[in-house]
Amino acid sequence: MASKAASTENTAMSANQAPKLNYLNNGHSLKSWLLTTDHKRIAMLYLISVTTFFFIGGFFAMLIRLELLTPQGDLMQADTYNKVFTMHGMTMVFFFLIPVVPAVLGNFLVPLMIGAKDLAFPRINLLSWYLYIIAGTLFLHCMLIGGVDTGWTFYTPYSTVGSNTNVIEAGLAVFIAGFSSIFTGLNFIVTIHRMRAPGLTWDRLPLFIWANYATSLIMILGTPVVAITIVLVAVERLFHLGIFDPALGGDPLLFQHLFWFYSHPAVYIMILPSMGVVSELITCFSRKRIFGYKFIALSSIAIAVIGFLVWAHHMFVAGISLYAAMIFSFLTFFVGVPSAVKVFNWTATLYKSSITYATPMLYAFGFIGLFTIGGLTGLFLATLGIDVHVTDTYFVVAHFHYVMVGGVLMGFLGGMHFWWPKISGRMYPEGWARLSALLVFVGFNLTFFPQFILGYVGMPRRYWQYPPEFQVLNVLSTAGASVLAVGYLLPMIYFLWSLKYGPIASDNPWNAAGLEWKTTSPPPTFNFDETPVVTWEAYNYDEIPDVPLEAPVAR
Amino acid sequence: MSKFLPLWPDSASTMSGQVDALYIYLLLVAGVMTALIFVAVTVLAIKYRRVPGREATQIEGSTILEITWSIIPFFVMLTFFIWGAVLYFQERTPPANATEVYVVAKQWMWKIEHMEGQREINELHVPVGQNVKLIMTSQDVIHSFFVPAFRIKQDVLPGRYTTLWFKATVPGRYHLFCAEYCGTMHSGMGGDIVVMEPQEYAQWMAVGATAPLQDTGKELFASLGCATCHRFDVQGRGPNLAGIYNKPVLLEDGRTVTADENYVRESILNPTAKIVNGFKPIMPTFQGIVSDEQLNALVAYVKSLSQPPTGTAGLQNQPAVSPGQTQNVQVQ
Amino acid sequence: MVEQQHEVEGDLTVEHEHTTHSQGFYLAIGAALLVLTATTVAAAFVNLGPFNPVIALLIATIKATLVIIFFMHVKGASEKLTGAIVVSGFFFLAILIALSLADYMTRSWR
Amino acid sequence: MPDSQMTTSQATTGSVTTMEHEAHNPALLHHFSDAQQQKNAASLGMWLFLVTEIMFFGGMFCAYLVYRLAHFNAFAAASQQLSIKMGAFNTAVLIVSSVTVVLAVKAAEVGKRKLLVGYLVVTVLLGLTFLVVKGFEYNEKFERHHVPGATFKFTDTFDDNGKQIPVNPKEAELFFSIYFVMTGMHALHMIIGCGLFSVLAILSWKGHYTPGYFTPIENAGLYWHLVDIIWIYLFPLLYLISRHS
Ligand code: HEA
Ligand code: HEA
Ligand code: CUA
Ligand SMILES: [Cu+2]
């Protein structure tokens with residue numbers, strides 16, 4: 001349907017050469033977008049929708065920070081605050097962070113990087129976006145009719161008997177979003193197995209593909225469990241089929257087991273694709289093959305698999321058995337190893353390289369630094385004796401923002417800058433981009449570093465009011481959040497600006513190695529004019545001339 | 001703790017120093033690792049910045065390096081695990097001679113029952129130097145008992161008991177927080193732990209004491225008809241409950257369980273869930289008949305039927321002696 | 001109805017090996033499944049102590065394996081990948097159950 | 001369902017390529033290089049989907065096991081209120097339907113259109129039989145107040161031999177909660193399966209499938225077998241607890 005001859009309607013292009021038919025100008029009607037099966041267009045649909053949800057979630061974050069400026073709960077009611085942080089968490093996790101890298105960059109890049117014309121099931125891909133939109137709309141509706149206040153974790157029995165907000169609707173939204181994510185994962189796995197270009201063997205795959213493969217495994221194996229868990233909560237609320245109800249001899253901790261069986265691996269759904277992005281960025285901007293390709297590739301799989309063995313580290317004080325706690329703590333440390341392998345290999349790649357400080361690379365540096373801090377504090381939490389004190393305090397809040405915002409979001413922004421020329425055919429303004437990278441980094445640390453201290457001195461999370469001695473640190477955090485907000489608004493503005501005014505990008509502005517750079521920018525609807533045949537390893541930067549790159553030379 | 005910019009929490013229990021020590025160790029390791037990576041990245045990024053004419057040298061990787069930097073962090077993490085697990089074991093194993101206090105949480109308050117019968121709300125008075133074991137349950141949703149100055153925390157669940165123990169070391173008033181999100185006034189569900197010198201504590205105890213908890217339990221035991229089946233002289237239709245607490249019980253299906261608080265609680269609420277070997281499943285359920293507070297009293301009574309392992313055990317075994325008096329003897 | 005059991009017809013466009021078995025074979029497997037069902041029911045009424053659930057699950061597993069291997073053509077037909085996927089599905093389910101039970105079974109330990 | 005979608009052969013994107021597909025394989029989509037690749041992709045996709053189904057039910061099986069261990073006596077007493085006759089009958093019905101499905105796939109493979117349609121229709125009928133029996137069972141539960149909630153009552157504390165096991169009705173309620181959730185989810189899958197096969201039967205009748213292309217039938221078959229397997233476990237776990245005592 002996207003195939004209407006488009007050249008006639010194509011007046012928006014301000015290029016000097018005749019624009020080639022590409023996925024963007026191949027049909028301009030709304031219908032050609034809403035019914036597209038082109039993975040690149042679906043990626044763009046996702047980009048628009050997840051960005052929307054990011055700003056909604058960010059809006060709630062600002063409300064949280066404003067409320068916490070003073071110790072008394074004076075900006076809003078306690079109930080309102082509870083809804084605000086719940087909807088912040090749910091929006092950010094289920095409607096932003098889980099889909100963000102796989103569904104936007106993954107959707108766009110997986111077929112391109114493996115030399116395929118599209119994902120294996122293009123219509124399921126579109127279906128998965130629609131599911132996401134249905135879920136998102138439902139969640140928005142849920143917010144408008146009063147929201148939900150269970151925390152993003154839906155803990156029973158509060159979610160079944162305690163709360164009188166719209167738990168079922170929010171649950172249904174998460175349930176549907178889950179299926180969207182399952183279909184994305186399924187599509188990726190099949191595509192990676194079945195659609196690789198001739199010669200593209202598993203040991204030649206870009207690390208981004210490996211990362212998305214590992215992510216997809218988690219999506220397929222974990223998401224159904226959270227889906228059924230949420231169904232059980234809904235059923236308990238609706239029909240009083242008490243599955244977790246202690247009055248019937250049910251165990252509320254069983255809910256937590258089932259929930260975290262998915263939701264711990266889910267944090268790797270978030271981080272793994274971003275790690276894949278970072279591998280791409282580091283190699284390109286240091287003009288080097290990656291150090292320890294095999295180990296980085298396998299560590300993604302290792303993280304995905306081991307990630308399923310550690311879930312009860314969220315339940316150390318919840319009342320699980322002493323021995324189970326020890327087993328889970330022990331297993332948790334195993335996830336640290338493959339993560340460490342990645343960090344060390346990225347660092348080693350820099351050795352004897354030739355580094356350009358383009359914006360994507362700045363984000364990659366930011367990722368390494370912040371993920372290291374976030375990950376190491378994860379080890380604090382995995383340490384039993386410490387977790388007892390810091391669990392459910394701001395220490396945990398700081399930990400996960402370091403990995404999720406400092407890690408995933410940094411990786412995503414780095415990737416967006418890196419592939420923007422491929423996506424849009426335009427360059428973004430480098431100067432502004434570097435400024436915003438700096439703002440994000442500084443603002444981020446100012447926001448979340450004080451929270452580590454807050455947590456250790458004992459400020460519990462999900463608190464609407466707090467003892468006055470915690471105020472100074474909270475003020476710092478709120479100040480940081482305002483800087484952060486500016487840092488996030490900037491890219492949004494200049495990306496939009498560059499769509500019209502940015503310099504036209506060449507097919508391969510960074511001189512990068514991946515297959516995605518071997519087609520035009522933006523790529524044609526079926527990606528490659530002829531199917532590429534791969535005869536080289538990934539990141540063969542030794543064979544690519546180190547000519548000056550387009551972007552850092554300010555245009 | 002600075003009242004303006006607290007950077008470190010108060011330290012007021014035997015646990016807090018130990019947790020701090022481990023925390024400092026972790027901070028050191030994490031600090032070193034972070035510094036290492038930050039410095040490495042910065043130095044490499046500057047040293048190998050793009051210079052026209054110089055090309056990157058391609059290096060493929062090194063298995064030896066990979067193994068080294070997998071194994072070393074792993075062993076470092078192993079030290080975290082071991083130290084942390086030892087501490088946790090200590091945190092989760094109440095000493096046998098601890099004074100027991102029952103805690104009932106509900107939205108959004110803490111109800112506290114001392115063995116001596118004292119009741120408090122949102123405040124817990126304890127003497128310095130005394131091991132205190134909290135036996136906690138919730139009437140509605142999950143809450144969490146959190147005392148930052150003691151570095152302890154435990155979720156409080158509906159339908160069962162969880163326990164927590166501490167030994168306060170410094171007199172003073174410390175925050176008690178609810179750390180598990182439990183609804184509207186979650187952030188208001190706090191209170192104070194008041195740690196007192198033993199004499200002061202004894203005075204406080206002496207005021208307003210009612211019947212000791214296990215006495216209430218004893219009355220209930222009679223009035224609810226438990227005593228018709230559970231007799232202490234001859235074998236009744238139910239097992240003799242004297243001395244069962246904390247002892248292994250052989251069940252009908254061959255399993256053995258320890259008769260801890262949760263077992264006693266379950267035996268009253270869901271008697272058929274675990275049937276004692278040699279008995280018929282005839283005990284009726286008391287679910288919905290006894291309240292959480294009454295349950296606590298019954299459990300306290302059943303426990304009081306067991307002789308304590310050592311002579312210096314908690315107060316609950318000498319109901320005859322006035323609490324104030326014993327308290328002085330108690331303090332070690 | 002089913003007169004001929006010819007394996008191949010002329011107009012195949014996909015060169016794919018035939019994976020199915022004969023009709024009689026399927027009926028035999030079906031019969032075996034029915035017999036096993038009867039066995040489970042019967043076994044449930046015999047007191048085998050702790051082995052009752054074991055037997056029940058064992059028979060169920062045999063039945064499931066028959067269905068997977070012969071009806072779903074995991075053996076012989078498709079590649080190893082299919083087998084790997086089935087196995088990994090059950091493997092992660094086993095992790096869920098085993099580690100959850102690791103908590104429940106040890107709660108009363110001291 | 002991943003593959004039923006492919007059956008609608010209006011290969012929408014890339015209108016040029018739709019013309020190129022091979023004569024006997026109307027559903028070859030433009031982005032696959034050949035029919036074999038498409039078939040392999042579809043089958044891999046289906047198997048992955050089945051894994052998600054395993055995990056979906058797996059969550060419930062996990063809950064079931066945990067509670068069965070904690071409340072064995074109540075589970076036994078409650079389980080004995082279920083009708084073995086209906087359960088066993090339904091098990092048999094499902095097994096037979098699995099046979100008809102596999103025969104349908106075979107018929108498709110050798111291009112016997114009428115036979116294929118016949119088997120599919122029989123399968124749907126068997127599926128409906130299962131659901132009707134299930135309906136009777138549910139109805140009985142309503143009548144006997146075995147449906148969890150305010151009206152729940154559990155006084156039938158006698159086992160098959162007339163021995164009394166007084167269980168806390170609350171624990172029995174827990175069993176019935178799990179019973180309804182698990183069998184309900186299973187029934188939902190049966191309903192979906194019946195719908196699926198009805199559509200496939202119509203499409204087969206219209207001659208959509210050839211020996212060269214019958215992937216949707218194969219994949220729907222796989223789905224049906226999985227639903228069967230889940231019941232194979234549900235039956236002993238729910239109906240056959242401690243029947244001997
Ligand atoms: C992207 C998301 C993400 C990621 C990647 C991680 C990664 C990790 N997380 Fe985190 N976590 C969350 C998101 C994430 N987490 C969220 C959202 C929560 C809270 C949920 C809620 O309650 O709302 C949480 C909570 C959480 C808890 C529970 C806290 C509590 O509630 O009490 C724990 C406990 O073990 C934990 C541990 C870890 C560990 C060990 C890792 C590891 O994977 C980290 C591994 C990385 C490294 C270790 C760094 C790199 C390594 C080196 C530089 C090597 C050097 C190391 C040594 C020499 C030791 N996390
Ligand atoms: C991807 C995940 C993600 C992301 C990106 C963020 C981003 C942020 N988060 Fe969030 N957070 C979570 C996931 C995330 N969070 C989760 C899972 C929880 C737990 C919830 C729970 O307990 O259930 C949580 C909880 C949480 C808390 C704890 C609440 C509590 O326990 O009481 C706080 C407090 O500071 C916080 C702050 C922030 C801030 C300041 C940002 C900033 O990074 C956001 C910056 C972005 C913007 C600000 C948007 C861009 C700017 C605009 C839209 C301009 C217009 C805005 C205005 C100024 C009105 N978050
Ligand atoms: Cu009680 Cu939070
Ligand atoms: Cu986790």
Side-chain angles (χ1 to χ4, degrees), chain A residues 78-79 151 155 157-158 162 246 249 252 286-289 291-293 295 317-319 322 326 329-330 333 336-337 340-341 343-344 347 350-356 365 368-369 372-373 376 379-380 383-386 388-389 391-392 453 456-458 460 462-465 467 469 472 542 546, chain B residues 3-7 9 19 22-23 26 30 33-34 37-38 40-41 44-45 48-50 54-61 66 69-70 73-74 77 80-81 84-85 87-88 91-92 140-142 144 146 148 151-155 157-159 162 177 179-187 270:
Chain A
D79 276 327
Y155 272 17
Y158 186 68
S286 53
R287 317 301 306 163
K288 276 210 25 179
R289 320 197 81 140
F291 192 89
Y293 170 89
F295 292 89
V317 303
L322 178 76
M326 291 194 183
S329 165
F330 182 65
F333 288 104
V337 175
V341 165
V343 172
F344 292 138
T347 314
L350 301 178
Y351 178 65
K352 292 208 172 164
S353 60
S354 172
I355 299 171
T356 326
F365 286 146
I368 298 183
T372 301
I373 298 180
L376 286 167
L379 299 180
F380 284 43
T383 305
L384 285 162
I386 299 293
V388 170
H389 176 55
T391 182
D392 277 320
I453 304 170
Y456 198 74
V457 294
R462 299 170 169 178
Y463 260 34
W464 163 71
Q465 55 184 12
E469 67 260 29
V472 176
D542 43 349
D546 188 11
Chain B
K3 283 287 164 213
F4 174 62
L5 180 57
L7 296 176
V19 173
L22 174 53
Y23 186 62
L26 289 177
M33 282 317 300
T34 313
I37 284 162
F38 275 48
V41 169
L44 292 173
Y48 297 109
R49 68 189 177 282
R50 212 183 97 76
R54 193 188 68 202
E55 297 237 326
T57 316
Q58 302 300 331
I59 303 165
E60 283 294 313
E66 302 284 350
W69 64 41
S70 310
F74 179 70
M77 292 180 214
F80 296 179
F81 166 70
L87 262 187
Y88 185 73
E91 273 164 353
R92 298 286 120 152
D140 35 52
V141 301
I142 303 180
S144 189
F146 176 33
R151 314 282 188 275
I152 52 164
K153 185 183 291 124
Q154 171 62 53
D155 283 8
L157 298 146
T162 49
F177 290 127
E180 182 63 65
Y181 174 65
C182 54
T184 310
M185 280 314 290
H186 162 61
S187 57
N270 283 331

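Just so it is clear, the structure is predicted and the values come from calculations on it, not from any experiment. Each chain gets a letter, A, B and so on, in the order its sequence line appears, and its residues count up from 1.
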*With a 4.5 Å cut-off on heavy-atom pairs, point out which of B:Val41, B:Thr162, B:Thr34 contacts chain A the most.*
B:Val41
_Top contributor to chain B contacts, counting heavy-atom pairs under 4.5 Å, from A:Tyr293, A:Tyr456, A:Phe365, A:Trp464_ = A:Tyr456
*Counting heavy atoms not belonging to B:Phe38, are there more than 12 under 6.0 Å from its CZ?*
yes
*Any sub-3.5 Å donor-acceptor pair from B:Lys153's side-chain atoms to A:Thr391's backbone N or O?*
yes
*Please examine the side chains of B:Tyr88 and A:Leu322, heavy atoms only from C-beta on, and report whether any two atoms are closer than 4.5 Å.*
yes
*asked:* Return the CG to CG distance between B:Leu26 and A:Leu376, rounded to the nearest 0.5 Å.
replied: 10.0 Å
*Side chain, backbone, both or neither: which part of A:Tyr155 has an atom under 4.5 Å from a heavy atom of chain B?*
side chain
*Give me the ring orientation class for A:Phe344 and B:Trp69: parallel if the planes are under 30° apart, tilted from 30 to 60°, perpendicular past 60°.*
tilted
*Heavy atoms only, distances under 4.5 angstrom: which of A:Ser329, A:Ser353, A:Pro467, A:Pro252 has the most pairs with chain B? Name it, please.*
A:Ser353
*Does any non-hydrogen side-chain atom of B:Met33 lie less than 4.5 Å from one of A:Ile373?*
no
_Report which part of B:Phe146 has an atom under 4.5 Å of a heavy atom belonging to chain A: side chain, backbone, both, or neither._
side chain
_Residues that A:Asp392 engages under side-chain contact (heavy atoms from CB on, under 4.5 Å), provided they are two or more places apart_ = A:Arg461, B:Ala179, B:Glu180
*Which pair of heavy atoms, one from B:Ser70 and one from A:Val341, lies closest together, and at what distance?*
OG-CG2, 3.4 Å
*Output, in order, the C-alpha distance, side-chain angles, deciding distance and verdict of side-chain contact (heavy atoms from CB on, under 4.5 Å) for A:Leu384 and B:Glu91.*
CA-CA 10 Å; A:Leu384 285 162; B:Glu91 273 164 353; over 6 Å; no
*Find the one option among A:Ala318, A:Gly336, A:Gly162 whose heavy-atom pairs under 4.5 Å with chain B are most numerous.*
A:Ala318
